[in-house]
Colleague: 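I have a structure I would like to understand better, so I am pasting it below and will then ask my questions one at a time.
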Amino acid sequence: MEWEAVIGLEIHAQLATKSKIFSGASTAFGAEPNTQACAVDLALPGTLPVFNEEALRMAVKFGLAIDAEIGRTSVFDRKNYFYPDLPKGYQTSQLFHPIVGIGHIDITLEDGTSKRIGVTRAHLEEDAGKSLHDEFPGMTGIDLNRAGTPLLEIVSEPDMRTAEEAVAYVRKIHALVTSLGICDGNMAEGSFRCDCNVSVRPKGQEEFGTRTETKNINSFRFIEKAIVGEIERQIDLIEDGGRVIQATRLYDANKNETRSMRSKEEANDYRYFPCPDLLPIVIDEDYIDAVRDSLPELPDARKARFIEEYKLSDYDAMVLSGDHNLATYFEIVAKAANDAKMAANWVMGELSKHLNQNDTTIANSPVSAEQLGGLVERIKDNTISGKIAKQVFEVMWAEGGSADEIIEAKGLKQVTDTGAIESIVDEVISKADKQVAQYKAAEPDKRGKMLGFFMGQVMKATGGKANPGAVNGILKKKLDALCD
Ligand code: ADP
Ligand code: MG
């Protein structure tokens, strides 16, 4: 039987506010446990939440960027459950009246086609604390630094049919929230994570199958693997006569498999009710217009500008605009080098290759955009060849330093002094009787192709530093002189 997958995603984006959503405690990552949890975050009796307006502005920005309905009146609800890292006994969230209603984004797939994906809603909520199981043998520690960190939960329609579509959607949302400046997008630190709802159905069937939800996946690669694996698991299960059980699953990246964590709870298990400590948020058109006026350039507009302003191909523009940090990096390189095409090639080629190999992201690149720009500039002005530039890049990546410093220190400057090149050419020719004889014997219009051998020898003798154009000219002149 032919099967079709149905995928819907819930993304938690941590909003980049300085303080928490209902308290003045800092949201900075990496502090000593429990040093950023104030009385409100600890849920001490008698404390009251005060809503952080910055979180509202950020949520509205997102809503406008996906063409969504903005809730003129949104309400915080209590989602009640017990967990040691949740001292209040409930999470303050939004169920019935979210700040962002129905919207959509367009994704582009590898084959160039695009598809519109519906966003059901996006609501504000607070994060919980963190249980630390490994620090203390036999005990669990609780770190409440993260408690009260503002989140925007973005819920998609079940509109995706393949893992590829799902990853394209997550990447697009990531590019959006980082371009908007409302989330740092740091997946390793948990600032952007994804729950994947997956079901399968016989192709052609209208009704959805039973879904599972795999929680908190924090890398694009794991999202893809978890979805592919879960689709396979469900199909195998059904084909073996079993039935999918609606459950919450955990993705284990080490084993590349999902496993059941608990059977699925329903909204009414949480006894949602409006939070009596917080007033409804009421916003008017002026507020929304002001936020709209403050929107920066968004990924689709940036892609169009890359094609228009830098004359990039559609594909290059798509890749470079697909990640906010990558796009910003590329523009700095392009401006420094004054050559967009060459800048694009280096960013998408050598730089991306190194980032992938080292499993790191552009935000943590040891080579800054200014450094790479300086390197590309030296290729352009013929100080070094593209080949030598790769050597310089290796040094830059491993040890730092500007292109000029490395070129100077390692003596990599291109030899353009024709006198120096001529004597090397003479030497190469004098040692290559056989190839010179072949050159002479060849038809004049075939000789051009035979230069390669001599070129290679000269480059070898100069450690790749001779200016290729100059070498070519001198070689031709000298060899042709021998033929007369
Ligand atoms: P809950 O709040 O219980 O997780 P929702 O109805 O809000 O449930 O849906 C959560 C996510 O699951 C949404 O992204 C939605 O698109 C997706 N979803 C719902 N039904 C299915 C299904 N049968 N297969 C795949 N995804 C689904
Ligand atoms: Mg859910």
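Count residues from 1 along the sequence. Order of appearance sets the numbers: ligands from 1, and atoms from 1 within every ligand. A quick note: this is a predicted structure, and the numbers were derived from the prediction, not measured.
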Colleague: Where the closest heavy atom to atom 24 (N) of ligand 1 is concerned, which of Gly209, Ser199, Gly8 has it?
Modeller: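 It is Ser199 whose heavy atom sits nearest to atom 24 (N) of ligand 1.
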Colleague: His12: what forms a ring pair (Phe, Tyr, Trp, His ring centres under 6.0 Å) with it, not counting sequence neighbours?
Modeller: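 Testing His12 for ring pair (Phe, Tyr, Trp, His ring centres under 6.0 Å), a comparison that skips the adjacent residues, returns none.
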Colleague: Give a yes or no on whether the ring-centroid distance for Phe222 and Tyr251 is below 6.0 angstrom.
Modeller: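 Judged by ring-centre distance (under 6.0 Å), Phe222 and Tyr251 do meet the cut-off.
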Colleague: What part of Leu9, side chain, backbone, both or neither, has a heavy atom within less than 4.0 angstrom of ligand 1?
Modeller: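 Near ligand 1, Leu9 shows its backbone, while the atoms from C-beta on stay back.
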Colleague: Are any side-chain N or O atoms of Ser74 and backbone N or O atoms of Gly71, one a donor and one an acceptor, separated by less than 3.5 Å?
Modeller: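 No, because the side chain of Ser74 does not come within donor-acceptor range (under 3.5 Å) of the backbone of Gly71.
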Colleague: Could you walk me through whether Asp289 and Arg292 pass the salt bridge (Lys or Arg N to Asp or Glu O under 4.0 Å) check?
Modeller: CA-CA 5 Å; Asp289 288 343; Arg292 188 179 282 114; 3.0 Å; yes
Colleague: Near Glu157, which atoms of ligand 1 are under 4.0 Å from a heavy atom of that residue?
Modeller: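 Selected atoms, number and element: 16 (O).
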Colleague: Quick test of your reading: applying ring pair (Phe, Tyr, Trp, His ring centres under 6.0 Å), list the pairs with at least one residue in residues 303-331, sequence neighbours left out, ordered by first then second residue.
Modeller: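 Residue pairs passing ring pair (Phe, Tyr, Trp, His ring centres under 6.0 Å), neighbours aside: Phe306-Tyr310, Phe306-Phe330, Tyr310-Phe330.
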Colleague: Between Phe22 and Phe76, is the ring centroid distance below 6.0 Å?
Modeller: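 Ring-ring flag for Phe22/Phe76: true, centres closer than 6.0 Å.
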Colleague: I'd like to check which ligand 1 atoms, numbered from 1 as shown, lie under 4.0 Å from a non-hydrogen atom of Val6.
Modeller: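 Heavy-atom distances to Val6 below 4.0 Å select 24 (N), 25 (C).
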Colleague: Is there any N or O on Phe208 that sits under 3.5 Å from an N or O of ligand 1?
Modeller: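 By distance alone, the answer is no.
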Colleague: With nothing but distance in play, are any N or O atoms of Val198 less than 3.5 Å from an N or O of ligand 1?
Modeller: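 It does not: no N or O of Val198 is found under 3.5 Å from an N or O of ligand 1.
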Colleague: Near Ser156, which atoms of ligand 1 are under 4.0 Å from a heavy atom of that residue?
Modeller: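 Those atoms are 13 (C), 14 (O), 15 (C), 16 (O).
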Colleague: Just verifying a value: how many Å separate Gln14 CD and Met187 CE, rounded to the nearest 0.5 Å?
Modeller: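 One finds 13.0 Å between CD of Gln14 and CE of Met187.
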Colleague: Using a heavy-atom cut-off of under 4.0 Å, does the side chain or the backbone of Val155 touch ligand 1, or both, or neither?
Modeller: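 For Val155, the contact with ligand 1 is made by the side chain alone.
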Colleague: Only heavy atoms count here, so choose which of Glu10, Arg201, Arg211 is nearest to atom 8 (O) of ligand 1.
Modeller: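 That would be Arg211.
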